[in-house]
Amino acid sequence: MNNELAILASELPVLQTKGTYKYLKEITGNGAYYQVAWQKLSDGYVALYGTASIQTKVAPILNDIFEDEEG
């Protein structure tokens, strides 16, 4: 499963529900997708894909949790 710290520290939003975004297996081969979010499931995180970025007012981007640790 994916590393929780790496996902939470990424600049991609974490969504509680899948919404209109797709799992990779649903769009494999169409050649027009990019990763836009993670969905938190009971056993870990799943990458979600779409064709449009998620707006901040819909799903806020997580702040860099390591910003206070910089030199």
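Computation of the quantities below employed the complete heavy-atom set of this structure, encompassing side-chain atoms and omitting hydrogens, waters and symmetry-equivalent molecules. Here, residue 1 is the first one in the sequence, and each next residue gets the next number.
Among all heavy-atom pairs drawn from Tyr21 and Gly50, the shortest one is CD2-CA, 4.0 Å. Listed here is the closest heavy atom pair of Lys18 and Gln39: N-NE2, 3.5 Å.
Side-chain contact between Leu48 and Tyr23 is present, with at least one heavy-atom pair separated by less than 4.5 Å.
Rounding to the nearest 0.5 Å places CD1 of Ile7 at 4.0 Å from CH2 of Trp38.
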